[in-house]
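Following: one structure in structure tokens, then a few remarks.
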Amino acid sequence: MDNTASSIPSKMKAWVYSEHGKPVDVLKLDSNYDVPQLKEDQVLIKVVAAALNPVDFKRMLGMFVHSDSPLPSVPGYDVAGVVLKVGSQVRTLKEGDEVYGNINEKGLDRPKRSGTLAEYTVAEENLLALKPKNLGFIEAAAIPLAIGTAYEGLQKTALSPGKSILVLRGAGGVGTMVIQLAKHVFGASKVAATSSSAKLELLKSLGADLAIDYTKDNFEDLPEKFDVIYDAIGQSERAVKAIKEGGKVVTIEPVGELAEPAFRFILTSSGAMLETLNAFLENGKVKPVIDPRGTFAFSQTPQAFSYLETGRVTGACIKVYMESKHQQ
């Protein structure tokens, strides 16, 4: 065993919750938490940056107890960091590789108990990709879950060149990715999106041809109808009124009633998808939208959750970086 692998400690700092409730009440810093055991198809990652997504605090509140993992649990799906050790069946990644990804293949089906809000985490090789060369760790950590959700949803709607799309909540983490992917990867002929007044210019800068101020206009009352509507907020009953005949509505809200013909899906993450999109990230066609108030040190994780819960985050999720490894 080389010196890097042999120097890995058995304990680490991690944010842990042992009961369900509001993050400010139940999330605790444990400085003596077990470093997760490495399986044959996994790599051990030194976390440089992680990201918080709405699913993290919804899990903590106990909204998915029927399919969640038992407590205690370390939250966090998204990670960017450095490979410290590889399992015996790992074929491509090697120690020292800078990687990023969503460590849970099925987001709501028994996610890992040892998530990314810790000094170390583990993930299967097939869930990771090499970090885009032009992005820092904090930027990369903000991408996997959001871009994966955007990409898989667009695939399921069969969006293709010549079709039009409306993105609801276009300034959110998933919405900002949907706009860019629809325009630059799927070749949509027209991209429309909704947001508040202050964020309309952001939508246009990302590629939206039509930016709709939801505080002034009801999108379903507009004369124009769309081939696809990507509902990132949970308004399927309104969305189905704005599609063309034969159009499709996809929503990512995991609970609640759906209006026909809208459908929902739960993300299946993969490193192969990230590798496919790395080219668009590296050439700048697709970029993470970073909320200027949304980056927190590891020690400030409870404050990060509080900001996430406001629902006012612009673009990508909340980023948490390890103080000793802060890299832009």
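Since the structure is predicted, the reported quantities are computational estimates derived from the model, not experimental observations.
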Lys/Arg-Asp/Glu bridge criterion (N-O < 4.0 Å) met for [X], [Y]:
X      : Y      : value
Lys190 : Glu224 : yes
Asp209 : Lys183 : yes
Lys22  : Asp25  : no
Glu220 : Lys241 : no
Lys287 : Glu139 : no

Tyr151 OH to Phe280 CZ distance, which is reported to the nearest 0.5 Å: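 With rounding to 0.5 Å, OH (Tyr151) is 8.0 Å from CZ (Phe280).
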Within residues 145-156 or reaching into it, pairs that qualify as salt bridge (charged side-chain N to carboxylate O under 4.0 Å, His left out) - sequence neighbours excluded: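 Listed by first then second residue: Glu152-Lys156.
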When you look at Ser69 and Lys112, which way does the side-chain hydrogen bond (donor to acceptor under 3.5 Å, both in side chains) test go after all the steps? CA-CA 7 Å; Ser69 300; Lys112 289 181 175 66; over 6 Å; no
Under 4.5 Å between any side-chain heavy atoms of Tyr17 and Ser73, yes or no?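 Yes; the side chains approach each other to less than 4.5 Å.
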Under 4.5 Å between any side-chain heavy atoms of Tyr120 and Ser114, yes or no?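 With C-beta onward as the side chain, the pair stays apart.
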Side-chain donor-acceptor contact under 3.5 Å, [X] with [Y]:
X      : Y      : answer
Asp227 : Ser164 : yes
Asp213 : Ser197 : yes
Tyr100 : Asn278 : yes

Does atom NZ (Lys13) have a neighbourhood of more than 12 heavy atoms from anything else shown, all under 6.0 Å?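 Atom NZ in Lys13 is not packed in, count stays at 12 or less.
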Around atom NZ of Lys39, are there more than 12 heavy atoms from other residues, nucleotides or ligands closer than 6.0 Å?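 No, because the 6.0 Å sphere around NZ of Lys39 holds 12 heavy atoms or fewer from other groups.
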Which of parallel (below 30°), tilted (30 to 60°) and perpendicular (above 60°) describes Phe64 and His66?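 Rings of Phe64 and His66: perpendicular, over 60°.
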